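Because the structure is a prediction, the values reported are computed rather than measured. A note on names: the letters A, B, ... follow the listed sequences, proteins ahead of strands, and every chain is numbered from 1. No hydrogens, no waters, no symmetry mates; every other heavy atom, side chains included, goes into these values.
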2 protein chains.
Amino acid sequence: MNQYQMKKPYDHQMEDFSVDSFSSDSYTETPSFIDQSFQTHNYCLQEPSNIKQPVNKKQLLMLQTLSLYLLVQDHVLAERKRRAKLAQRFISLSSLLPELKKMDKATVLEDAANYIQELQNHVKELERKKMQESVEESSGVCDPEIEVRTSGSSLLVEIYSQKNCISLLKVLRETQELGLSIISCSTMPFAETTLLVTIVTQVYIDIVVYSSS
Amino acid sequence: MNQYQMKKPYDHQMEDFSVDSFSSDSYTETPSFIDQSFQTHNYCLQEPSNIKQPVNKKQLLMLQTLSLYLLVQDHVLAERKRRAKLAQRFISLSSLLPELKKMDKATVLEDAANYIQELQNHVKELERKKMQESVEESSGVCDPEIEVRTSGSSLLVEIYSQKNCISLLKVLRETQELGLSIISCSTMPFAETTLLVTIVTQVYIDIVVYSSS
DNA sequence: AGGTACACGTGATGC
DNA sequence: TGCATCACGTGTACC
């Protein structure tokens, strides 16, 4: 799964990038002059009278070399951290891809791109269907003209729906929830595309009927 | 957009990786011994009598060095090709990501992973809704019990639908397309979740009615 | 100026 | 055996 972390060409690729772990690499092992430099530094601290003595050319060169070395090591460390981050991201990304056989970096990138496009198309398709459905539905729900006539406690509701499918059961259930007892309900098709719904109800509790639209 | 191709640290990062374009890099420019080796080789070809002469140690060393050099150059070229491929894939991938500000490799990888997860969740959500809708719909379309009674040229159809929304208009339209003249159609809710549809029709042409329960 | 990111050439490793 | 891939240290550029 995580081949990115398994290769250890120089035998010093550690999780924490500890400098102490360097051993077999001639490029990165601590040069011999380091110890000498540190010893010189300690010596100066131990004998304050010598601090203001101008360091000789050899010592100066060593100090310069040391600071350069430390700078370079910093650079090496930073680069190593960056690579580790990239490797980790590669692993995370590849773990999201389906049917992943080769764990190539190139393959991971390519498959990720293909997979994203595939998902985008899928989403687009699904949302297209969803959209047209909701358009159909909302135009069916919002459009109908509703006419109400009363006579005593009786109520005549006429719904004139333009679209294919209004949720008749929902309408009837909501009617009942309003405290209206349904006496009869008839539906008739009209002009091939519209539906006339006629509901006769009886008010059996005291309510106020709000006309919306 | 394509920062991956813009950095030219050694001033020899070319699109076609032409070796001729190498100029300022001490690591990759053709060493001085190359010309000598080629001259030696040409000399041997021009004077066949000298071919079987054992080459001296210096010439042998040069030839060995040359072949090694060519091998190394092959390696360099292959690695360069690989890097170019990776960079290209990075560009392709990043071009698919929305709202991409930083074009970091690390950022591209992270954003790609996040985007994929986002899309996956989106698809999952959409398909969940789709699924439950189609389940509702199909159970509403397939479940209803239908009872038909005839009396002369009259037809009484009773549809007992379990679910929320059957496409009543569709049923009525198809009824008419079967050559049935609709006399009346009444719908009544029943037990809060079901709908009883009663259709009275008259057969006005000679047809054969198939029962597709 | 220091930090971040990159491409490079190189040696190593696995098929 | 080549060939492809990798991680590494390094030099460089941009902010």
Side-chain angles (χ1 to χ4, degrees), chain A residues 1-19 21-31 65 67-91 93-94 100-111, chain B residues 1-19 21-31 65 67-91 93-94 100-111:
Chain A
M1 172 59 90
N2 46 0
Q3 66 169 286
Y4 303 121
Q5 291 179 330
M6 291 172 60
K7 294 274 186 71
K8 302 196 178 185
Y10 292 113
D11 193 32
H12 63 243
Q13 186 181 5
M14 309 301 288
E15 303 78 12
D16 54 355
F17 305 116
S18 157
V19 179
S21 66
F22 292 6
S23 56
S24 63
D25 197 339
S26 61
Y27 286 160
T28 54
E29 72 182 357
T30 305
T65 313
S67 62
L68 178 64
Y69 169 77
L70 293 177
L71 206 87
V72 168
Q73 285 309 93
D74 238 27
H75 183 33
V76 168
L77 221 70
E79 178 63 14
R80 221 175 281 175
K81 207 171 81 178
R82 175 181 163 269
R83 273 199 303 268
K85 188 168 72 176
L86 282 176
Q88 186 52 51
R89 301 273 164 93
F90 263 105
I91 295 175
L93 180 57
S94 63
L100 195 57
K101 321 159 265 301
K102 288 180 64 183
M103 286 285 282
D104 256 324
K105 279 183 175 177
T107 309
V108 168
L109 290 174
E110 190 183 22
D111 285 11
Chain B
M1 171 58 90
N2 45 1
Q3 66 168 285
Y4 303 120
Q5 292 178 331
M6 290 172 60
K7 293 275 185 70
K8 302 196 178 185
Y10 293 112
D11 192 33
H12 63 241
Q13 185 181 6
M14 309 300 288
E15 303 78 13
D16 53 355
F17 305 114
S18 157
V19 178
S21 66
F22 291 7
S23 55
S24 63
D25 198 340
S26 61
Y27 286 160
T28 53
E29 72 181 356
T30 306
T65 313
S67 62
L68 177 63
Y69 169 78
L70 292 177
L71 207 87
V72 168
Q73 284 309 93
D74 237 28
H75 182 33
V76 167
L77 220 71
E79 178 64 13
R80 221 175 280 175
K81 209 172 80 178
R82 174 181 162 270
R83 274 198 303 267
K85 187 169 71 176
L86 282 176
Q88 186 52 50
R89 300 273 166 94
F90 263 105
I91 295 174
L93 180 57
S94 63
L100 195 57
K101 319 159 266 300
K102 288 181 64 185
M103 285 286 281
D104 259 322
K105 279 183 175 178
T107 308
V108 168
L109 290 175
E110 190 183 23
D111 285 11

Residues which pass side-chain hydrogen bond (donor to acceptor under 3.5 Å, both in side chains) with B/Thr107, listed by chain and number, not counting sequence neighbours | B/Asp104
Winner on side-chain proximity to A/Arg80, out of D/dA7, D/dG9, C/dA12, is D/dG9
Enter the distance from B/Met103:CE to B/Ile91:CD1 here, rounded to the nearest 0.5 Å.
-> 7.0 Å
Between C/dT10, D/dT12, D/dG9, spot the one nearest the side chain of A/Val76, thanks.
-> D/dG9
Would you mind reading off the bend of the helix from C/dG2-D/dC15 to C/dC15-D/dG2 from its two end axes, five pairs each, to 10 degrees?
-> 10°
Comparing A/Glu79 and B/Glu79 on DNA chain D - which has the more 5′ nearest nucleotide = B/Glu79
side-chain hydrogen bond (donor to acceptor under 3.5 Å, both in side chains) partners for B/Arg83, two or more places apart = none
A/Asp104 side chain, from C-beta outward: closest of D/dT10, D/dC8, D/dC6 | D/dC6
Starting from the 5' end of DNA chain D, give me the residue, B/Asp74 or A/Ala106, whose nearest nucleotide shows up first.
-> B/Asp74
Do A/His75 side-chain and D/dG9 base share a donor-acceptor contact under 3.5 Å?
-> no
Return each pair, listed once, that meets salt bridge (Lys or Arg N to Asp or Glu O under 4.0 Å) where at least one residue sits in residues 68-78 of chain A; pairs must be two or more places apart or across chains.
-> none
Of all residues at least two apart in sequence or in a different chain, which pass the side chain to side chain contact (heavy atoms under 4.5 Å, CB included) check with A/Ala106?
-> B/Lys85, B/Leu86, B/Arg89
Shortest side-chain distance from A/Arg83, nucleotide among D/dA7, C/dT10, C/dA7 | D/dA7
Which of these nucleotides, D/dA7, C/dA5, C/dA12, is closest to any side-chain atom of A/Arg82?
-> C/dA5
Of all the choices, D/dT10, C/dC6, D/dA7, which nucleotide is nearest to the side chain of B/Lys105 once you look at every atom?
-> C/dC6
Does a side-chain heavy-atom distance below 4.5 Å link B/Leu109 with A/Val108?
-> no
